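A quick note: this is a predicted structure, and the numbers were derived from the prediction, not measured.
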Amino acid sequence: MPRPPAVDLYSDTQTKPTAAMRTAMAGAEVGDEQQGTDPTVNRLCARVAEILGHEAGLFLPTGTMCNLVAVATHTSPGDAIVTSVDSHIVRSETGGAAAYSGVITDLLAGDGGRFAPEATAEALAPGNAYRPWPRLVCLEQTHNFGGGTVWPLEQYRAVAEVAHRSGVPVHTDGARLFNATVASGTDPGVWGEPVESIWIDFTKGLGAPMGAVLVGGHDFIQAARVHKHRCGGAMRQAGIAAAGCLHALDNHIERLADDHANAARLAEGLAGLGLDTEPVETNMVWIDVSSTGQTAARFLELLATHDVRMSRVEERVRAVTHLDVSAEDIEVAITAVAAVLERLP
């Protein structure tokens, strides 16, 4: 088996549970999650619902399943959902919304994945015999393919207000919501308040091995539970995983500021080497390597020979800082990129 790279910037999903998190998981009180009797899961769901200002929560294995279940709960087959052209729902969930819920997507362009209220209003024109009815607006905070960007609160609320004037609910993919709250200095509840459903993922910046919590009103969560079971999301003694998530809430949120600082330093170092990077708002650095004369894939192959790993999205290179990447690791990564560039013609 190949050994892991010395510095792994592939994604913030690459974190390993800390020793303290493993201890919390090992001592978790457990029950049957499917039957609603796992006390640790129940405590986690109640806590996340309170943090985000909603009535109830639902523990799911993955964030993708949160989106899958939420879309199915809000819509009926043949409906349309309105979302960013670069949203995770569209680009990274293998057509799950279409396959499972039978919906189509109305795709909106915007700055860093953040579309305008005016574009939302236009997309929410009533359906008729020729076009499907728009039944859901989906936001993403932070926006992954937009560059780890943060929705400005005023714009976020304005889009939700436009949707509500049309009688359409709003769902937020909050996989990296705490990155947004730390970067913007906001309370998580301000992002939950304008929308009907929202979720957070514990396996990205928060460093847990599995788990996400979807929150909304009591009726919404009861309906969502049916879809969770239908697509295989019901679990048994899931409190072992939920304990890791609770530990993350207590210990891994404020430190996200370190990830943001490391990402900013990485972008600064790469710019000093002559590479173009997109503006850094949170823990992602998106890099244009076309000036090197190499494809993104080839650039990453060369970088791997220096024991540093990043990822490719089409012809962009993405580096993501996280719990297992230190400030010293960032300097190692910058030095590795410099070594790659020195070898090029």
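A salt bridge is defined here as a Lys NZ or Arg NE, NH1 or NH2 lying under 4.0 Å from an Asp or Glu carboxylate O, and Glu314 with Arg91 meets this definition. The pair Arg298-Glu301 meets the salt-bridge criterion, with a side-chain N (NZ, NE, NH1 or NH2) lying under 4.0 Å from an Asp/Glu carboxylate O. The pair Asp250-Arg47 meets the salt-bridge criterion, since a charged nitrogen lies less than 4.0 angstrom from a carboxylate oxygen. No salt bridge links Glu140 with Arg114; every basic N to acidic carboxylate O contact stays at or beyond 4.0 Å. The pair Arg176-Asp12 meets the salt-bridge criterion, with a side-chain N (NZ, NE, NH1 or NH2) lying under 4.0 Å from an Asp/Glu carboxylate O.
To the nearest 0.5 Å, atoms CD (Glu33) and CG (Leu60) are separated by 8.0 Å.
A search for side chain to side chain donor-acceptor pair (under 3.5 Å) contacts involving Asn42 returns nothing, not counting sequence neighbours. When the side chain to side chain donor-acceptor pair (under 3.5 Å) test is applied to Arg309, the partners found at least two apart in sequence or on another chain are Asp8, Gln14.
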Check against side-chain hydrogen bond (donor to acceptor under 3.5 Å, both in side chains), Ser197 and His171: CA-CA 5 Å; Ser197 60; His171 166 70; 2.8 Å; yes

Verdict with supporting geometry, Thr292 and Gln294, side-chain hydrogen bond (donor to acceptor under 3.5 Å, both in side chains): CA-CA 5 Å; Thr292 68; Gln294 307 297 310; 5.4 Å; no

Intermediate values then yes/no, side-chain hydrogen bond (donor to acceptor under 3.5 Å, both in side chains), Ser84 and Asp86: CA-CA 5 Å; Ser84 162; Asp86 285 329; 5.3 Å; no

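Taking the six-membered ring where the residue is Trp, the centroids of His252 and His247 are separated by under 6.0 Å. Separation of the Phe115 and Trp151 ring centroids falls under the 6.0 Å cut-off.
Considering all non-hydrogen atoms of both residues, Ile51 and Asp187 come closest at O-OD1, 4.3 Å.
Among pairs with a residue in residues 204-246, those fulfilling ring-ring contact (aromatic ring centres under 6.0 Å, His included) read His74-Phe220, Tyr100-His227, at least two apart in sequence or across chains.
If you chain together hydrophobic residues whose side chains sit under 4.5 Å apart, Ile104 and Ile81 never meet in one group. Val159 and Leu177 fall within a single hydrophobic cluster, where Ile, Leu, Val, Met, Phe, Trp and Tyr side chains are chained together by heavy-atom contacts under 4.5 Å. Tracing side-chain contacts under 4.5 Å through hydrophobic residues (I, L, V, M, F, W, Y), one never reaches Leu107 starting from Leu139; they form parts of separate clusters. Leu206 and Leu323 sit in two unconnected hydrophobic clusters of ILVMFWY residues. Membership requires side-chain heavy atoms under 4.5 Å apart, directly or through other members. In the hydrophobic clustering of this structure, Ile200 groups with Ile198; members are Ile, Leu, Val, Met, Phe, Trp, Tyr whose side-chain heavy atoms approach within less than 4.5 Å, directly or through other members.
Relative to the six-membered ring of Trp286, Arg316 meets both conditions, a distance below 6.0 Å and an angle of at most 45° to the axis.
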